[in-house]
Amino acid sequence: EVDKTQIPIADQEQPTTMSTDERNRMKILEMNEDNLNKNDKKELRDLRDKRDDEKVDTALHMTTSEFDTLSAEYKDIEDRIKDKTATEEDLKRKEELEEKGIGAGTAESQAGEAVTHFTIRMLKKGYTIEQIEEYLNGVVSNPDHVLGGSDALKAWVPRGIATAKKVIEEVGGVDNIETISWDTDEGRQAIGVRTTKQGFKTASDMFIKTKDGTKIGVSLKKDGQVRILSGGWKTQQQKLRADMLANDTQGELTKKKYR
């Protein structure tokens, strides 16, 4: 048996992508969500989890040139919406762009958050920190990557990895993590957290669910601040929001668009 810890991650893993069949299957299950049996519910959770991973990997590998091109297209569509000249195709394309994270905060912050998500996922798969560091440093070594433009941006990598370590320590080890989800609709649904459309806005950038069902919110900011909350979900989220607003010296929280 091959020892996966001796082979670079880039030679073993590809960015997560969902097939057309998987996307269609997820839509069918969602249309009948109230009447699903136990197996179908698990299948839907797994598909949502995969879609969440796909969004994370898209953000993690985003280049500046691609982000700028997509952002310009998004702005043009928004302008047409304001002018009431947008077509049905425009509205559909806007949704597609939002699925790629366009219009939901900066590319840098999204990629930075994705570093932590990716690190925990890879540790759960049995890779080492050294392998993960090698992979992520390789990703941001591209000058066109959204985190590749300066040493300050590249610093998202060690910070994101450090956050992953802190989360793992908080929950009692990587083996105690059942699910990790980004702050996306699919991620929230997979982990059992209400979505923004359902009236729940949160300062957390991602969520962890442990084997005993405990849900933990994680907030990671560019200045290195990390906040991890567990237990008393509603109360703790209110405390987190108040704390972060009080320390929001760069205005990041007040500008954030919730995914």
CA sep, side-chain torsions, deciding dist, call: Asp40, Glu43, side-chain contact (heavy atoms from CB on, under 4.5 Å): CA-CA 5 Å; Asp40 287 341; Glu43 182 183 3; 3.9 Å; yes

Arg80 meets the salt bridge (Lys or Arg N to Asp or Glu O under 4.0 Å) criterion, sequence neighbours left out, with Asp90

Roughly how far apart are Asp52 CG and Thr179 OG1, rounded to 0.5 Å? 10.0 Å

Going by an N to O cut-off under 4.0 Å, is there a salt bridge joining Lys41 and Glu33? no

Under 4.0 Å between a Lys/Arg side-chain N and an Asp/Glu carboxylate O for Lys75 and Asp79? yes

Apply side-chain contact (heavy atoms from CB on, under 4.5 Å) to the pair Glu73 and Leu97, showing each step before the final yes or no. CA-CA 9 Å; Glu73 183 182 0; Leu97 291 171; 4.0 Å; yes

For the side chain of Gln110 and the backbone of Ala59, is there at least one donor-acceptor N/O pair under 3.5 Å apart? no

Under a 4.5 Å cut-off applied to non-hydrogen side-chain atoms, are Val139 and His61 in contact? yes

May I ask you to say whether Asp46 pairs ionically with Arg51, meaning some side-chain N is under 4.0 Å from a carboxylate O? no

side-chain contact (heavy atoms from CB on, under 4.5 Å) for Thr87 and Leu91? Distances and angles first, verdict last. CA-CA 7 Å; Thr87 65; Leu91 298 179; over 6 Å; no

Presence of salt bridge, Lys42 and Asp49, under 4.0 angstrom: no

Centre of Tyr127's six-membered ring, under 6.0 Å away, within 45 degrees of the axis: is that where NZ or CZ of Lys4 sits? yes

Is a side-chain N or O of Asp83 found less than 3.5 angstrom from the main chain of Thr85, in a donor-acceptor match? no

Under the criterion side-chain contact (heavy atoms from CB on, under 4.5 Å), I'd like the reasoning laid out for Ile132 against Thr128: C-alpha separation, chi angles, the key distance, then a yes or no. CA-CA 6 Å; Ile132 295 166; Thr128 66; over 6 Å; no

Tell me whether Asp175 at atom CG has more than 12 heavy atoms from other residues, nucleotides or ligands lying less than 6.0 Å away. no

Is there any ring pair (Phe, Tyr, Trp, His ring centres under 6.0 Å) pair reaching into residues 93-121, and which pairs are they, with sequence neighbours excluded? Phe118-Tyr135

Reference residue Glu96; test side-chain hydrogen bond (donor to acceptor under 3.5 Å, both in side chains); the match among Lys100, Lys94, Arg93, Lys92: Arg93

